[in-house]
Amino acid sequence: MITSINDNNKDFFQMVFEVVKLIPSGRATSYGAIANYLGAKRSSRMVGWAMNTAHSNPEIPAHRVVNRNGLLTGKMHFQTLTLMQELLEKEGIIVKDDKIVNFKAVFWNPMEELA
DNA sequence: GCAGTGACGGATA
DNA sequence: GTATCCGCCACTG
C-alpha cells in the first residue's frame, strides 16, 4: 500500500516512481493506469514525462511500464534498444515486435492491487 | 510570454 | 481495426 499517494507534499513524478517500484516482477502496467491511479488520467503524458526522468533512477523498473497497447514505446530511452525487451522476457513476459503479446495477462492494475 | 514538443489516452470518423 | 484529432501539464528554446 502506498501511503504517500495522498501525500501532496510529494511531486507527481515522485508518486509515479512509488507506484512503478511496486510493480511485481513478471507484470506490467500502462501509463494511463498509473495516471488514473494518481487521479490524473487526463495527464497520461505526464506519466511518460515522469518516466523520462525515471530512466536515470536504477530503482525504477521502467521496463514494466508501457503504453495502453502494451507497446514498448520507451525502449529507445533505455541504455540499449533491446534492454527493455530482454528485461521483460527475463521476467516471463513475452514480447514480440516490441510489444507485450500477453499484455492483458500480465497487466498490473494499481487500482486493484493497491486499492 | 509564445510556440513546439513529448515513454499517452480517449473519442471520433 | 486503422487513422486522425484533441486534451492534458510541464519543459525547453
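Remember, predicted model here, so these are calculated numbers, not experimental data. Chain letters run A, B, ... following the sequence lines, proteins first, then strands; residues in each count from 1.
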**OP:** Kindly write out the residues that satisfy side chain to side chain donor-acceptor pair (under 3.5 Å) with A:Thr82, not counting sequence neighbours, or none if the list is empty.
**Re:** A:Glu86

Subject >> Inter-nucleotide C1' distance (B:dA7, C:dT2), Å rounded >> reply: 22 Å

Subject >> Partner set under salt bridge (Lys or Arg N to Asp or Glu O under 4.0 Å) for A:Glu89, not counting sequence neighbours >> reply: none

**OP:** Indicate, with a heavy-atom threshold strictly under 4.0 Å, whether A:Phe13 touches base, sugar-phosphate, or nothing.
**Re:** nothing

Subject >> Which residues share a side chain to side chain donor-acceptor pair (under 3.5 Å) with A:Asp98, sequence neighbours left out >> reply: A:Lys75

Original post:
How long is the line joining CG of A:Asn109 and P of B:dG9, in whole Å?
Top reply: 13 Å

Original post:
Using a heavy-atom distance cut-off of less than 4.0 Å, which residues of residues 87-104 of chain A contact DNA chain B?
Top reply: none

Original post:
Are there more than 12 heavy atoms of other residues, nucleotides or ligands under 6.0 Å from atom NZ of A:Lys21?
Top reply: yes

**OP:** Tell me, please, which residues at least two apart from A:Phe78 pass ring-ring contact (aromatic ring centres under 6.0 Å, His included).
**Re:** none

Heteroatom pairs (N/O) under 3.5 angstrom, protein to nucleotides 1-5 of chain B:
none

Subject >> A:Asn102: side-chain contact (heavy atoms from CB on, under 4.5 Å) partners, not counting sequence neighbours >> reply: A:Ile93, A:Ile94, A:Ile100, A:Ala105, A:Val106

**OP:** Go through the structure and list residues passing side-chain contact (heavy atoms from CB on, under 4.5 Å) with A:Ser30, not counting sequence neighbours.
**Re:** A:Ala33, A:Phe103, A:Phe107

**OP:** Kindly state each residue pair satisfying side chain to side chain donor-acceptor pair (under 3.5 Å) with at least one member in residues 44-61 of chain A, sequence neighbours excluded.
**Re:** none

Original post:
Which residue pairs pass the salt bridge (charged side-chain N to carboxylate O under 4.0 Å, His left out) test with at least one member in residues 60-71 of chain A, sequence neighbours excluded?
Top reply: A:Arg64-A:Glu91

**OP:** Please tell me which of the listed nucleotides, C:dC11, B:dG9, B:dA7, lies nearest to the side chain of A:Trp49?
**Re:** C:dC11

Subject >> Members of residues 55-77 of chain A that approach DNA chain C, where some heavy atom sits under 4.0 Å away >> reply: none

**OP:** Return the value, rounded to whole Å, for the distance between atom CG of A:Asn52 and atom P of C:dT12.
**Re:** 10 Å

Show me the protein contacts with nucleotides 6-9 of chain C, counting only N or O atoms at under 3.5 Å.
{"unit_1": "C:dG7", "atom_1": "O6", "unit_2": "A:Arg45", "atom_2": "NH1", "d": "2.4"}
{"unit_1": "C:dG7", "atom_1": "N1", "unit_2": "A:Arg45", "atom_2": "NH1", "d": "3.1"}
{"unit_1": "C:dC8", "atom_1": "O4'", "unit_2": "A:Arg42", "atom_2": "O", "d": "3.2"}

